[in-house]
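Computed from a predicted model, the values in this text were never measured in an experiment.
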Amino acid sequence: MNFSRWIRQIHRWLSIIFTVTVIANFVAMGLGEPPAWVVYSPLLPLFLLLFSGLYMFVLPYVARSRDEQRAGG
């Protein structure tokens with residue numbers, strides 16, 4: 001499995017983890033004042049999603065420029 005597939009798989013699992021932490025956050029808020037670790041728990045998966053998503057966003061542009069360099073040079 002190449003690096004791009006690993007990133008895509010990690011991105012998928014992070015999105016599931018992020019969704020679960022957000023749902024847990026709402027449930028905890030419905031039960032009363034939640035502890036700080038519950039409130040801030042979605043932030044780690046969110047930041048990791050940001051980086052993996054940016055990588056997947058930039059990847060086609062980098063591949064295109066590599067192809068153009070190979071064809072032109």
Side-chain angles (χ1 to χ4, degrees):
M1 189 179 267
N2 62 10
F3 188 68
S4 294
R5 285 191 178 182
W6 275 101
I7 292 292
R8 289 183 188 280
Q9 190 67 27
I10 289 169
H11 189 80
R12 287 183 191 118
W13 280 106
L14 282 172
S15 66
I16 292 169
I17 293 168
F18 174 72
T19 304
V20 168
T21 57
V22 169
I23 291 170
N25 199 346
F26 278 105
V27 168
M29 286 183 181
L31 297 175
E33 185 66 29
W37 67 270
V38 173
V39 174
Y40 295 117
S41 63
L43 291 179
L44 179 62
L46 181 63
F47 285 127
L48 295 173
L49 277 169
L50 173 72
F51 294 126
S52 62
L54 286 174
Y55 172 80
M56 290 190 299
F57 177 77
V58 171
L59 193 63
Y61 298 106
V62 172
R64 187 178 307 146
S65 68
R66 285 184 190 166
D67 290 342
E68 288 173 358
Q69 287 177 354
R70 287 182 190 161

Query raised in the report: Quick one: CG on Leu14 to CD1 on Ile7, what's the gap to the nearest 0.5 Å?
Result: 9.5 Å

Query - With sequence neighbours excluded, residues passing side-chain hydrogen bond (donor to acceptor under 3.5 Å, both in side chains) with Arg12 - result: Gln9

Report summary line: ring pair (Phe, Tyr, Trp, His ring centres under 6.0 Å) filter on Tyr55, not counting sequence neighbours, yields Phe3

Requested in this report: Only pairs at least two apart or in different chains count here, so list each side chain to side chain donor-acceptor pair (under 3.5 Å) that has a residue in residues 38-49.
Outcome: none

Query raised in the report: In the hydrophobic clustering (ILVMFWY, side-chain contacts below 4.5 Å, transitive), which residues join Tyr61, or is it alone?
Result: Phe57, Val58, Val62

Return all side-chain donor-acceptor pairs below 3.5 angstrom for residues 20-39, not counting sequence neighbours, or 'none' if the list is empty.
{"residue": "Thr21", "atom": "OG1", "partner": "Ile17", "partner atom": "O", "Å": "3.2"}
{"residue": "Thr21", "atom": "OG1", "partner": "Phe18", "partner atom": "O", "Å": "2.7"}
{"residue": "Asn25", "atom": "ND2", "partner": "Val39", "partner atom": "O", "Å": "3.3"}

Report summary line: One should read off an interatomic distance between Ile10 CD1 and Leu49 CG, to the nearest 0.5 angstrom, of 11.0 Å

